[in-house]
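We name chains A, B, ... by the order of the sequence lines, and we start the count at 1 in each one.
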Amino acid sequence: MYSDNLIEKLTSLNAVDAAKFLIGCELISFTSEGGCSGMIVETEAYDMRDKASHSFKGMTVRNSAMFGPAGTAYVYFTYGMHFCMNIVVGKEGFGAAVLIRALEPLTGLELMSKRRNVSNKHNLASGPAKLTQALYITRPLNGHRLNGPPLILKRGTKFNDVDLVLTKRIGISEKKDFGLKRRVCLKGSEFLSRPL
DNA sequence: GTAGGGATAATCT
DNA sequence: GATTATCCCTACG
C-alpha cells in the first residue's frame, strides 16, 4: 500500500523534482474487468508559476483537483476524445502536478491490449492518452486519492539523475515553454511517447 | 521512419 | 468562436 512516507515525499517536492521522483514508481489499476499495472517512464512538471499550466490563472471548476493534497489524481478531458492524468504534488492549495506521459506495461497486458485494440507491447501505454485508455482512467477518477482501488500509486524501481533525461515539453508552444526543460524521461526506455 | 491532416467536444475568451 | 498537456491513418521516401 501507499505509505504516509510516500505522501510526505510528494508534498515536500517541487513539481520538477516530483516529476523526477515519480519515474520508476508503479501505477496499478483494479476494475471489474481485472487488474493491470505499469512503471512510469515519462513525466512532465506543471505549477502555478508556469504559463503552460492549467493552474496558472488560478482555480476553476476543471482544474480544482490540482489544488488538492499531494497524491491526488487530476484527470481532464482534452482534444474532444482523450483523457490525461496528473499526480498532484506539493502543498495543498498551491496548484502543482505531474503529468504522467508514458508507462512500461508490467502486468495485465491482455486487458490493456483489449482496451486499446492493439497488440504491440510498445503501443499500449506510450503516451498520456494511451495510458489512461489502457488503465481505464476516466473522469470519475478526477480527485481520487491514489492510495486505494481502483487506482494505486506505489514506489518501484529507484532511479538516479544520471538515468534521467530532461527535455522541453510536448505540445506546448515555444512562447509558453520558453527555455524550460520540464519533461523527464527514463534514459534508454523503449516505452517513451517519443524517442529522445 | 517521418510528415501532414482529420477527428471531436469541453473549456475558456 | 478559438484553443487544446492527443492519437491514428495515410502517403511518401
>> Whether the side chain of A/N86 engages the backbone of A/V88 through a donor-acceptor N/O pair (distance < 3.5 Å, no angle test) should be reported.
In response: no

> How close or far is atom P of C/dA5 from atom OH of A/Y74, stated in whole angstroms?
Replying inline: 9 Å

> Below 4.5 Å, heavy atoms only, C-beta onward: do A/V184 and A/F159 meet side chain to side chain?
Replying inline: no

>> Taking pairing as Watson-Crick or G-U wobble with both contacts under 3.5 Å, can you name the mate of C/dC8, or confirm there isn't one?
In response: B/dG5

> For the pair made of CG in A/L99 and C1' in C/dT6, what is the distance, rounded to whole Å?
Replying inline: 11 Å

> Does any donor-acceptor pair link the side chain of A/Y76 with the base of C/dA5 at a separation under 3.5 Å?
Replying inline: yes

> Quick one: A/R62 CZ to B/dC12 P, roughly how many Å, whole number?
Replying inline: 6 Å

>> Just to be sure I understand the rule, does A/R182 reach a base, reach only the sugar-phosphate, or reach nothing, if contact means heavy atoms closer than 4.0 Å?
In response: nothing

>> In whole Å, I'd like the distance from the CD1 atom of A/I87 to the P atom of C/dA5.
In response: 19 Å

> Of all the choices, C/dA5, C/dT6, B/dT11, which nucleotide is nearest to the side chain of A/H54 once you look at every atom?
Replying inline: C/dA5

> Phosphate oxygens OP1/OP2 of C/dA5: is one of them under 4.0 Å from a side-chain N or O of A/K176?
Replying inline: no

> Between C/dA5, C/dT6, B/dA9, which nucleotide gets closest to the side-chain atoms of A/F77?
Replying inline: B/dA9

>> When you measure from the side chain of A/R101 to the backbone of A/E42, do you find a donor-acceptor pair of N or O atoms at a distance under 3.5 Å?
In response: no

>> I want to check one thing: is the phosphate of B/dC12, taken as OP1 and OP2, less than 4.0 Å away from some side-chain N or O of A/T60?
In response: yes

>> Donor-acceptor pair, distance only, cut-off 3.5 Å: does the side chain of A/T132 make one with the backbone of A/F83?
In response: yes

> Within less than 4.0 Å of OP1 or OP2 of C/dT6, is there a side-chain N or O belonging to A/R101?
Replying inline: yes

>> Tell me the interatomic distance from A/L131, atom CG, to C/dA5, atom P, rounded to whole angstroms.
In response: 16 Å

>> Let me confirm one number: the CG-CZ distance from A/N142 to A/F77, rounded to the nearest 0.5 Å.
In response: 13.5 Å

>> I want to confirm an ordering. Mapping A/R139 and A/H82 to their closest nucleotides on DNA chain B, which one lands closer to the 5' end?
In response: A/H82

>> Are C/dC7 and A/Y79 stacked, with the base six-membered ring and the side-chain ring centres under 5.5 Å apart and planes under 30°?
In response: no

>> Without decimals, in angstroms, what is the distance between A/L180 CG and C/dA5 C1'?
In response: 14 Å

> For A/T60, does its backbone N or O pair with a side-chain atom of A/N63 as donor and acceptor, under 3.5 Å?
Replying inline: yes

>> Output the rounded distance in Å from CG (A/N117) to P (C/dC7).
In response: 16 Å

>> Using the side-chain heavy atoms of A/N123, tell me which of these nucleotides is nearest: C/dC8, B/dA7, C/dT6.
In response: C/dC8

> With distance as the sole criterion, is a donor-acceptor pair present between the side chains of A/S37 and A/T107 under 3.5 Å?
Replying inline: yes

> Near DNA chain C, which residues from residues 186-196 of chain A have a heavy atom under 4.0 Å away?
Replying inline: none

>> Given A/R182, which partner from the list A/D47, A/D177, A/T43 fulfils the side-chain hydrogen bond (donor to acceptor under 3.5 Å, both in side chains) test?
In response: A/D47

> Can you check the A/F83 CZ to B/dT8 P distance for me, whole Å?
Replying inline: 15 Å

> A/M81 has a side chain; which of B/dC12, B/dT8, C/dT6 sits nearest to it?
Replying inline: B/dT8

